[in-house]
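The chains referred to below are lettered A, B, ... by the order of the sequence lines, with proteins before strands, and numbering in each begins at 1. In this text the structure is predicted, and so the values were computed from the model without any measurement.
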Amino acid sequence: AQKVTQAQTEISVVEKEDVTLDCVYETRDTTYYLFWYKQPPSGELVFLIRRNSFDEQNEISGRYSWNFQKSTSSFNFTITASQVVDSAVYFCALSSMDSNYQLIWGAGTKLIIKP
Amino acid sequence: DSGVTQTPKHLITATGQRVTLRCSPRSGDLSVYWYQQSLDQGLQFLIQYYNGEERAKGNILERFSAQQFPDLHSELNLSSLELGDSALYFCASSLRGLGNTEAFFGQGTRLTVV
């Protein structure tokens with residue numbers, strides 16, 4: 001069965017600190033896709049990144065970076081020099097043939113950035 | 001702006017009533033998905049349409065139904081509403097299925113059943 005675990009329910013840091021959000025996934029498929037979405041207080045879901053299982057290269061986009069490690073089934077998300085605008089709930093998700101390519105969501109991590 | 005439009009943004013209705021939520025996908029996207037987000041259940045996949053045809057079903061109640069029209073917009077119909085149906089309902093669209101494309105979400109419809 002497929003599963004996505006975001007063990008950190010809530011993280012609170014002071015602005016400018018670096019913060020890492022953990023995501024651990026389970027799947028029997030060898031081909032799968034991993035996603036991160038951001039849900040700010042306004043409520044919409046914003047797509048951040050998609051990564052397929054054959055591409056283990058880490059990705060950096062500005063202050064955001066993602067570390068994909070198949071050996072530990074993890075796809076962690078780091079925000080460097082956090083800002084108050086980064087405050088949101090962040091969701092990790094997985095899709096593969098086993099889920100009929102529907103998104104299996106983690107429970108989300110609420111990130112609070114204090115000024 | 002994701003390019004996915006959902007209306008209405010807010011809806012308050014009474015138990016037993018029926019409502020229709022509307023979604024216009026991004027230009028060119030053929031797949032539409034409906035999700036429900038509630039405090040106790042998190043994000044739940046309801047149903048997917050691809051180019052007018054039902055592609056996949058998730059945890060959608062029998063009281064709920066959806067369709068995708070020839071112009072690719074979609075509607076989610078919720079009937080015999082119960083208090084527990086209060087939630088944020090999202091529509092998302094993608095070019096194809098979610099094998100190797102990402103879904104873009106609308107701003108959601110917040111449904112409150114009183």
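- Judged by distance alone, with hydrogens and angles left aside, the side-chain atoms of B/Arg63 form a donor-acceptor pair with the main-chain N or O of B/Ser80 at under 3.5 Å.
- Of the atoms belonging to B/Leu43, heavy atoms from both backbone and side chain fall under 4.5 Å from chain A.
- With B/Thr5 contributing its side chain and B/Ser24 its backbone, the two residues share no donor-acceptor pair below 3.5 Å.
- Contact annotation for B/Arg110: neither backbone nor side-chain heavy atoms come within less than 4.5 Å of a heavy atom of chain A.
- In the hydrophobic clustering of ILVMFWY residues, with side-chain heavy atoms under 4.5 Å counting as a link, B/Tyr33 and B/Val4 come out together.
- A centroid separation of less than 6.0 Å is found between the aromatic rings of B/Phe104 and A/Phe47.
- Interface remark: B/Gln6 contributes no atoms to any contact with chain A (heavy atom separation under 4.5 Å).
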